[in-house]
Amino acid sequence: MTKTGRNEGMMILAFLAGFMACLFVVMIFNARTIAAARRRRKKDRQEHPEKKIQATKVIVFSVLVTYHLAFLVGVWVVIVKDVYQLSTLLAFVGSVAVLAVGFYCWKSKAENLLKIKQALPDTAASLSDFSNMSSQ
């Protein structure tokens, strides 16, 4: 490894250490506010259980955050290290986004059909009956 490579690695480690230290200091200074917000959310959840956080939204949000972080690393690799990896980066971008968003849309459609069936019990439709629906 060259001297510039070591310096670059040390700069990245120093940045990450500084970021983590900054995050720690911010959390220490805001500990009371964070605790009060948690208590408020807990009380609100007990008063309004219908407003609970849905697990699927948390999972999709986590996938998208992880995806964006990996995308930033991929962009860094393409720009700084190897421009010829652009096709790999573009395949990564398209596949993950399409799968995550497509799954969430399918799940939302299924939940909405269940809500429609609950509101209109005389409807004899199933999920497969609506598979050719469009957004017109």
Side-chain angles (χ1 to χ4, degrees):
M1 187 180 253
T2 64
K3 189 172 181 176
T4 59
R6 277 188 239 147
N7 287 341
E8 190 176 298
M10 291 301 289
M11 285 175 36
I12 291 172
L13 288 176
F15 173 78
L16 289 175
F19 182 79
M20 295 300 289
C22 179
L23 184 65
F24 181 72
V25 168
V26 167
M27 290 195 62
I28 293 294
F29 282 126
N30 292 314
R32 287 184 183 166
T33 307
I34 293 170
R38 281 186 171 176
R39 284 191 297 272
R40 224 176 309 126
R41 280 193 307 269
K42 184 177 179 181
K43 182 180 175 185
D44 191 40
R45 274 193 309 251
Q46 289 173 349
E47 291 175 0
H48 304 286
E50 69 276 0
K51 291 185 177 181
K52 70 178 184 173
I53 297 174
Q54 297 175 354
T56 307
K57 288 183 181 177
V58 172
I59 291 169
V60 169
F61 179 75
S62 301
V63 165
L64 288 176
V65 166
T66 306
Y67 163 75
H68 282 90
L69 291 174
F71 176 72
L72 292 174
V73 170
V75 168
W76 177 75
V77 166
V78 167
I79 292 172
V80 175
K81 298 293 183 184
D82 188 10
V83 176
Y84 297 106
Q85 295 298 324
L86 183 62
S87 62
T88 306
L89 176 68
L90 293 176
F92 172 75
V93 169
S95 62
V96 175
V98 166
L99 289 174
V101 173
F103 168 75
Y104 187 73
C105 290
W106 174 82
K107 183 199 137 321
S108 295
K109 179 176 135 180
E111 286 178 348
N112 288 335
L113 288 175
L114 289 174
K115 290 176 187 176
I116 290 171
K117 284 191 76 144
Q118 286 178 352
L120 304 168
D122 56 336
T123 305
S126 68
L127 184 59
S128 62
D129 295 336
F130 295 98
S131 61
N132 61 356
M133 284 177 56
S134 64
S135 60
Q136 297 176 359

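Rounding to the nearest 0.5 Å gives a distance of 14.5 Å between CZ of Phe24 and CZ of Phe19. Interatomic distance, Met11 CE to Leu16 CG, rounded to the nearest 0.5 Å: 11.5 Å.
Scored by the side-chain contact (heavy atoms from CB on, under 4.5 Å) test, Val58 finds Ile53, Ser62 as partners (sequence neighbours excluded). Qualifying side-chain contact (heavy atoms from CB on, under 4.5 Å) partners for Lys42, counting only residues two or more places apart in sequence or in other chains: Arg45, Gln46. With sequence neighbours excluded, no residue forms a side-chain contact (heavy atoms from CB on, under 4.5 Å) with Arg32.
Follow the hydrophobic side-chain contacts under 4.5 Å out from Val25 and you never reach Ile28; the two are in separate clusters.
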